[in-house]
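Values reported hereafter were calculated over all heavy atoms of this structure, with side chains retained and with hydrogens, waters and symmetry mates removed. In this text the structure is predicted, and so the values were computed from the model without any measurement.
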Amino acid sequence: MKNILQKIKRKMFGRSLDKLACRDNFIYDCNTFFANCLDGDKGKDQIMTQIMLAIHQLEKGMSFTKSARIFGEEKALSIIRNLRSFTKKYGNHHIVSLATNVLAAYLDNPNSTQNKQSRTIIASYIDENKSLLGLYTTGTKIVKEPRPFDEKLIKEFFFSRNSVREFSDEPITDEEIMQVMEFASCTPTACNRQTSRVHVYRDKALMNKLIENQLGNQNWCDNATVIFVITSNVSCFNSSYEHVQAFVDGGLYAMNFEWGLHLYHIASCYKMYVRLTEVDKAFHEISGIPDNEFPIVLILAGHYKKEPIISPKSARLPIEKGLNLFIH
């Protein structure tokens, strides 16, 4: 009887209920964003983000070689303030090495600040950390049109990938995962903030809990030897106009992570993340993923079986003007 009433309710009010649910989910995402971004404590992620943003702005200023405008004084000083705050709370980190080398490149730039007091502060900080100089190549680089690529081979690589839902029992090693992540690190991000994170799950009991949270097994999910959860750290964003940037950055990274798996001959398939309020809360609890990370997608993976398998063809529609191509 209860199921019958639910079906009647869904038939009569289904569209209105979906609208309400959609609104509630947007509000939940918004509140999560603000709690971990604009209203959040200035913790490790947010301090690192402020440093990375300022680094990016200094390097961008150094790339404008035709400009004679003095730039970057306040950005350089903010980097030093944030670095001191960061190291006091969290100790040493790669970002200290990176920032020190960027500051050194900035100070050598002819368009850097001419304020003697500011230059002294910057030079003193560099001198304090002179052992870190040379650990990163920073500042600017020469970019030119790349050499000709073998278009046939590249297209063959990209069009050879297929979603795979059957896997061998051979485990994916940590070394293989690091190789894939190194490939995916080429992904462009908003102001080079590098917000994406990868969570790896191999324990079958925990994997099954994650799968059950995400609409269940669907007759294939428990075949995977690994679940990768790609997330984006919303603490790395600091303005309301960036409220969906986490999904953009995370989606781009997930795509390149997928190509990295393909490059190293690891089979995989996306599983769409179910972004519903109660489901999301339960997922964070089960997975151990911090609340300031938005899950973007699940990637279920494993090594290929020795024998070929059957997979949906998933033909692509041709590109059509007026349908998916609009020339303005």
Side-chain angles (χ1 to χ4, degrees), residues 25 28-29 32 36 45 161-185 187 195-235 246-247 249-312 314:
N25 290 329
Y28 170 73
D29 283 344
T32 304
N36 293 288
D45 294 328
R161 188 202 160 267
N162 294 280
S163 292
V164 175
R165 297 174 178 84
E166 296 181 43
F167 311 96
S168 74
D169 294 330
E170 180 187 351
I172 298 173
T173 66
D174 290 351
E175 290 74 18
E176 287 174 313
I177 295 170
M178 293 300 291
Q179 287 179 313
V180 172
M181 291 185 69
E182 183 181 12
F183 177 86
S185 69
T187 305
T195 66
S196 296
R197 308 287 183 262
V198 180
H199 296 263
V200 184
Y201 301 91
R202 293 189 179 101
D203 179 77
K204 278 292 184 180
L206 182 53
M207 289 169 66
N208 287 334
K209 288 181 181 179
L210 296 176
I211 291 167
E212 283 304 310
N213 171 272
Q214 294 290 299
L215 298 186
N217 177 36
Q218 298 175 322
N219 202 35
W220 69 274
C221 295
D222 56 0
N223 295 329
T225 59
V226 171
I227 294 178
F228 298 106
V229 180
I230 309 299
T231 71
S232 192
N233 186 349
V234 296
S235 297
F247 300 110
D249 281 18
L252 289 170
Y253 185 89
M255 179 181 70
N256 278 341
F257 189 88
E258 188 83 16
W259 288 124
L261 291 171
H262 185 50
L263 178 64
Y264 292 104
H265 294 262
I266 297 171
S268 63
C269 186
Y270 278 139
K271 183 171 174 57
M272 181 184 70
Y273 184 72
V274 179
R275 198 171 304 282
L276 296 171
T277 300
E278 296 307 318
V279 173
D280 183 77
K281 288 179 180 177
F283 187 87
H284 276 86
E285 185 175 345
I286 296 166
S287 65
I289 292 173
D291 289 341
N292 64 329
E293 293 183 31
F294 277 5
I296 304 299
V297 71
L298 280 68
I299 299 176
L300 280 68
H303 281 285
Y304 284 92
K305 286 187 168 184
K306 293 190 181 301
E307 66 277 8
I309 64 165
I310 302 298
S311 183
S314 301

How close do [X] and [Y] get, counting heavy atoms only, and between which atoms?
| X | Y | result |
| --- | --- | --- |
| Met181 | Val198 | CE-CG2, 3.9 Å |
| Gly302 | Ile266 | O-CG2, 3.6 Å |
| Ser268 | Phe167 | N-CE2, 4.0 Å |
| Asn292 | Asn36 | CB-OD1, 3.4 Å |
| Leu263 | Phe183 | CD2-CD1, 3.7 Å |
| Ile296 | Tyr273 | O-CB, 3.6 Å |

Nearest 0.5 Å, what's the [atom1]-[atom2] distance between [X] and [Y]?
| X | Y | atom1 | atom2 | answer |
| --- | --- | --- | --- | --- |
| Thr187 | Met255 | OG1 | CE | 7.0 Å |
| Ile211 | Trp220 | CD1 | CH2 | 8.0 Å |
| Thr225 | Ile172 | OG1 | CD1 | 4.0 Å |
| Asn213 | Glu285 | CG | CD | 10.5 Å |

His199 and Glu293 side chains, donor-acceptor separation under 3.5 Å
yes
Do Ser196 and Ser232 meet the criterion of a side-chain donor-acceptor pair at a distance under 3.5 Å?
no
Residue list, salt bridge (charged side-chain N to carboxylate O under 4.0 Å, His left out) with [X], at least two apart or on another chain:
| X | answer |
| --- | --- |
| Glu176 | none |
| Glu258 | Arg161 |
| Lys204 | none |

Checking side chain to side chain contact (heavy atoms under 4.5 Å, CB included) for the pair Ile289/Phe283: CA distance, chi angles, key distance, verdict?
CA-CA 8 Å; Ile289 292 173; Phe283 187 87; 3.9 Å; yes
More than 12 non-hydrogen atoms from neighbouring residues, nucleotides or ligands closer than 6.0 Å to CD on Glu182, yes or no?
no
When you look at CG of Asp203, are more than 12 heavy atoms from neighbouring residues, nucleotides or ligands closer to it than 6.0 Å?
yes
Partner set under side chain to side chain donor-acceptor pair (under 3.5 Å) for Asp174, not counting sequence neighbours:
Arg202
Listed partners of Tyr201 passing ring-ring contact (aromatic ring centres under 6.0 Å, His included), at least two apart:
none
Derivation and outcome, side chain to side chain contact (heavy atoms under 4.5 Å, CB included), residues Tyr253 and Asp249:
CA-CA 6 Å; Tyr253 185 89; Asp249 281 18; over 6 Å; no
Under the side chain to side chain contact (heavy atoms under 4.5 Å, CB included) test, residues paired with Lys271 that sit two or more places apart:
Gln214, Gln218, Cys221, Leu298, Leu300
Asn25 and Arg275: CA distance, side-chain angles, deciding distance, side chain to side chain contact (heavy atoms under 4.5 Å, CB included) verdict:
CA-CA 8 Å; Asn25 290 329; Arg275 198 171 304 282; over 6 Å; no
